[in-house]
Structure formats: C-alpha cells, structure tokens
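One structure is given below, encoded as structure tokens.
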Amino acid sequence: MAKKTINDFNQMVDNGEKIVYLTAYDYLTAKMEEKAGVDMILVGDSLGMVSLGYDTTFPVTMDDMIRHCSAVRRGAPNTFIVGDMPYMSYQTSNEQAIANAGRFIKEAGADCIKLEGGGPMIAERIKAIQQAGILVMGHIGLTPQLMGQIGGYRAQGRSSAAAMKIVNEAKAVEAAGAFSILVEGIPTAVGKAITERAGIPILGIGAGSYTHGQLLIYADMVGLYDNFTPKFVKKYANVGEVLTKAFKEYTEEVRKGQFPVDSEHTYGMNETEVKEFLALLDK
Ligand code: KIV
C-alpha cells in the first residue's frame, strides 16, 4: 500500500472517510500498525510516560524523539508519520522551532511535525515552520505541555466561553498554515463545531465522533499502560495481562527446571563430536 499524503487526507475528508490515527514508539508496534492499515502514526511525546517511565511528557528530549521516530519509520516505511515536538523544542524562537522540526524530517524520516497550543506565539511558530517547507499539525484543547496553565490533565472547553476560545484557536492555527489539527479532550459539541468550520482535516482524541479522524494512544487501547486510563479510551485488548501471564509462566518453568527442554529448545551435537569433546575435556 502506498504511503498516504496530504492530498489523500484532504480527499478522505471530502469523501466522508474517517482517518485512522494511532501512536507508536518502536519498530515492532509500528510494523503491526502498518500491517493493520492505520492511515497515520503519531510518535507522540507521550513516549515519556508510555515507554520511558516518566510521570509527564516534560522530560522528553529531541534526541529521545528522533531515536524513537526513526525506529517507527523503519517499522512502518509506508505509513504517514507525525513527529511530536517535545517540551521546549519550539517555544524559544522560530529558529529553534524550524531547526528541531527539520531534524524530524531529516534524521527520523517523519512526514510532518505536531506542536501544542493555539495562541499568537504558536501561530507564529506554525507559520515559520510551514514557510520552511515542513507540514505542521496543530494540537489544541487538552495540551499536556501546558498542563500548569490549563489546570492539569482535564477536559477543556466545557463552558461556552472556554469552548469559543478553542474554536477561535482552531481558526488561528488553520490561518497560520497548519495542514491539519488534532483536538484533544473537549466535549463532542465543540469537536463538531470545529470540524464543521474547518477547511483542513480535524483529528480528535477524546473529542467525540464528528471529527474527520480518530487518534488513540496505542498502549491505552491494548491495555498495556495501566497507570491511568482516560475516559475516552476503549480497550480493544488486554495485552498487558497476556504478557504478564507469559512472563510468570517462564519464571516458574525456569525455576523448576522445566525450560528449556533439551530435545526442543537447544542445539544438538553429533555423537562422535560429543565423545571427542568429552575426551578432550578429560585430558
Ligand atoms: O504525545 C501524544 O501522544 C499526544 C497525544 C496525547 C495527543 O500528543
């Protein structure tokens, strides 16, 4: 299957086809997601919590993101990949933002980058990165990198004034040149209003069913990450339980001497070679 492009995503929106978007952080998962036929993979800075064991996304560095994004690219060579700009990789200046966005394309093989926020400074960054020739996806609503300012990891836009603020941010992000926007953790009515007014694909995570596409963090939807599960997650599998059971069985079998079984899991040696070997040992 050929890798989808911005034209395909716009066409999908025109045809009323939903865009399927999922996170991945490593080679094996990316390989399975490509096999499953997802349209777009986000190498999110949620990497920090899902794969690196931090409590937040703040400690994630550009080098972490590049390393994992490259692995995802190797696993999913024919899937559109979004590289997530980590905390403080774009806030300082347009130059910093362009340089780091460029690393995603040049070193990790990403197709576009994503950054959080909808204020005037972010609009300026989006414009600068876009003018440097790089596709930009906006991210508004529940934006974890702005956790302090939005009052923690909680749904946004639940009052009419807060909802209007997010609708206006979507307009500003689109006007700045984003090719698409991810809206996170907002009421269905707000997700619908943004989607109906947008001229670009709107992707949602916890933003209801009206957006042009849906994103989930893969480790949430397969039951691998259980530290915290947001309300909007549907669990499609319980891989965490399956793996823990396998690790337990292995532990028990090794302790009891039941694994490995020499006739099944080890390398054999010709009888004559064994005899000669034992004789050599005794010399
Ligand atoms: O980092 C990430 O995975 C994200 C999603 C939570 C939207 O940005």
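When reading the values below, keep in mind they use all heavy atoms of this one structure, side chains included, and skip hydrogens, waters and symmetry mates. Counting convention: from 1, in listed order, for ligands and their atoms alike.
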Exercise for the section: Please tell me if the side chains of Pro144 and Glu184 come closer than 4.5 Å, counting only heavy atoms from C-beta onward. Expected result: yes
Practice task
Using only heavy-atom distances, determine whether the side chains of Thr23 and Tyr25 contain a donor-acceptor pair under 3.5 Å.
Solution key: yes
Practice task
Ignoring hydrogens and angles, tell me if any N or O in the side chain of Asn15 forms a donor-acceptor pair with the backbone of Met12 under 3.5 Å.
Solution key: no
Exercise for the section: Determine yes or no for a side-chain-to-main-chain donor-acceptor pair under 3.5 angstrom, with Lys18 supplying the side chain and Ser209 the backbone. Expected result: yes
Problem - Partners meeting side chain to side chain donor-acceptor pair (under 3.5 Å) with Lys3 (sequence neighbours left out) - result: Asp111
Protein N/O near ligand 1 N/O, under 3.5 Å, which pairs?
from     : atom 1 : to     : atom 2 : distance (Å)
ligand 1 : 1 (O)  : Asp45  : N      : 3.0
ligand 1 : 1 (O)  : Asp45  : OD1    : 2.8
ligand 1 : 1 (O)  : Ser46  : N      : 2.9
ligand 1 : 1 (O)  : Ser46  : OG     : 3.2
ligand 1 : 1 (O)  : Asp84  : OD2    : 3.1
ligand 1 : 3 (O)  : Ser46  : OG     : 2.5
ligand 1 : 8 (O)  : Asp84  : OD2    : 3.4
ligand 1 : 8 (O)  : Lys114 : NZ     : 2.9

Problem - Side chains of Thr61 and Tyr87, donor plus acceptor under 3.5 Å - result: no
